[in-house]
There are 2 protein chains.
Amino acid sequence: MTSPTPARRSRRTDALSAAAIIDAAIAVLDAEGEEALTFRALSIALETGPGAIYHHLASKQEILAAAAQRLVVHALADVPTDLDAEGGIRAVMLAFFDLFDAHPWVGTQLSREPWQAALLEMFEAIGAHLDALGVDERYQFTAASSLLNFVLGVAGQHASATRLARDLDRSTFLRDIAEGWKDEATAASHPFSRRMADQLAEHDDRQQYSDGIDFVLAGIAAVAVEGGLR
Amino acid sequence: MTSPTPARRSRRTDALSAAAIIDAAIAVLDAEGEEALTFRALSIALETGPGAIYHHLASKQEILAAAAQRLVVHALADVPTDLDAEGGIRAVMLAFFDLFDAHPWVGTQLSREPWQAALLEMFEAIGAHLDALGVDERYQFTAASSLLNFVLGVAGQHASATRLARDLDRSTFLRDIAEGWKDEATAASHPFSRRMADQLAEHDDRQQYSDGIDFVLAGIAAVAVEGGLR
DNA sequence: TCGCTTTTGGAACAACGTTCCAATAACGAG
DNA sequence: CTCGTTATTGGAACGTTGTTCCAAAAGCGA
């Protein structure tokens, strides 16, 4: 098998490169999920061995971080630029949600390494609108961080929910959780959650995310625009 | 070695149990960090083998989830109950931060499994105050979720930062990141982050978290209390 | 005292990320 | 063109992980 073909041109027709490895990694992650990205799977996809991969990238972390950054940059490139300040922030934030919805593994990756490259891109994209929004300069760092932290929380939950509900249906998965909240013993000690159980089962993730942004933006407007309290 | 001592009373003086295993797991996690919790480390700490552990708990996930839930419940038990609605929510949210600061691995765990037991406790503790805060019933689910997502984002970042800065000092770690933001090429394409670099290096995590809560609470008050817009 | 069930702990397994290395292609200097 | 040097390749091997399996031991009801 795999006859040597002694003296053709190149060992590979397509040269291996960091970019090619990241391409393959994204393809595997999107097609089969986070836990499917192994050096063995990558080796098969690229028709090579782990040694060759390690010659271009230092670790699995580096592959994941680079893959996440590429998708973040790509998603941000598609955001329209002719919007007012608030519309611009909303568009950026929704672009993040759609990215995490299409590539849930990115949500996991962003919590693996602090202030990695992808996070800088997100931080910048959010912060770029704060001046135009009229946010007092002293509040801009906190405002951008708050929006970023909110996105990251959603991204993490969305990723783990998708991971678990990979075979299972999302709605039946949520219905099961909601049923648990309606269990007598649980409901007795968790009355608020009991009241919310039906909404949990029926809610729209994207709408809820958008409503959450409304809260944070309204809060920033109330506290940090035109000199809020202290 | 380990002479059999043929016929004493019990095989172990302290009976193995789920609670004892979780105790040991928390001790290992707090003392040596997330990646130190292995079945081998647990076996040594409990003076047993992996088989005995699996007889009481089904998987490593289950151990981590139970450990996280215990700490969340414990942290919530210490929150004073004689506060007004807003003070109550603030106290709960700050209790979460202090928990994630003392036990960073909890922040990672909460993103591993969706709607796990610990999250229900957090969701309930937040939501319990929303009626008293005057939040319209239609907004309570979204309001509680938004606060929860914000906490989870902070927890995840805090956990990964602590993990990376385990040997390294936190302030020098942040200073290094900030220096990267001041790099000429980076600064040119990321002017907002460039302006924020010094604040990144000097900011207080807990204060920033508290300010973020101010934003979200102000936004909830503006949008969802006494019938906000739409 | 005996039979059955629970509990124990260690051996064994497959899979993972990573390291190492011998073989090969590419390339610059002569 | 030729040759020594470097870059690149891919597979074998390593140590560690979570998990499974099983035989021995302890506890317990009849």
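Residue numbers begin at 1 in each chain, while the letters A, B, ... track the order of the sequences.
Note on A/H56: a side-chain N or O is less than 4.0 Å away from OP1 or OP2 of D/dT9. For A/T48 and D/dG10, the shortest distance from a side-chain N or O to OP1 or OP2 is below 4.0 Å.
Aromatic pair B/W115/B/F123: ring centres closer than 6.0 Å.
One atom, CD of B/E47, and another, C1' of C/dT7, lie 17 Å apart when rounded to the nearest Å. When the P atom of C/dA25 is taken as reference, atom CG of A/L16 falls 16 Å away, rounded to whole Å. One atom, NE2 of B/H55, and another, P of D/dT20, lie 14 Å apart when rounded to the nearest Å. For B/L42 and C/dG9, the CG to C1' distance is 14 Å, given to the nearest whole Å. Atom CD1 in B/I21 sits roughly 11 Å away from atom P in C/dT7 (whole-Å rounding).
Contact check of residues 26-38 of chain B against DNA chain C (heavy atom, cut-off under 4.0 Å) returns no residues at all.
Side-chain contact annotation: B/Q207 with B/D211, donor-acceptor N/O pair under 3.5 Å present.
Between A/D23 and A/R70 there is a salt bridge, with a side-chain nitrogen of the basic residue lying less than 4.0 Å from a carboxylate oxygen of the acidic one. Taking a cutoff of 4.0 Å between a charged side-chain nitrogen and a carboxylate oxygen, A/D205 and A/R170 qualify as a salt bridge.
Applying the side-chain hydrogen bond (donor to acceptor under 3.5 Å, both in side chains) test to A/S160 and every residue at least two apart in sequence or in another chain returns nothing.
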Polar-atom pairs under 3.5 Å, protein N or O versus N or O of nucleotides 18-20 of chain C: list them with distances, or write none.
unit_1: C/dT18; atom_1: OP2; unit_2: A/Y54; atom_2: OH; d: 2.5
unit_1: C/dT18; atom_1: OP2; unit_2: A/K60; atom_2: N; d: 3.0
unit_1: C/dT18; atom_1: O5'; unit_2: A/Y54; atom_2: OH; d: 2.8

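Side-chain contact between B/L119 and A/Q157: present, with at least one pair of heavy atoms (C-beta onward) separated by less than 4.5 Å. Contact annotation: the side chain of A/F97 never approaches that of A/V151 to less than 4.5 Å [non-hydrogen atoms, C-beta and beyond].
Annotation for A/E184: atom CD does not count as buried by contact number, only 12 or fewer foreign heavy atoms lying within 6.0 Å.
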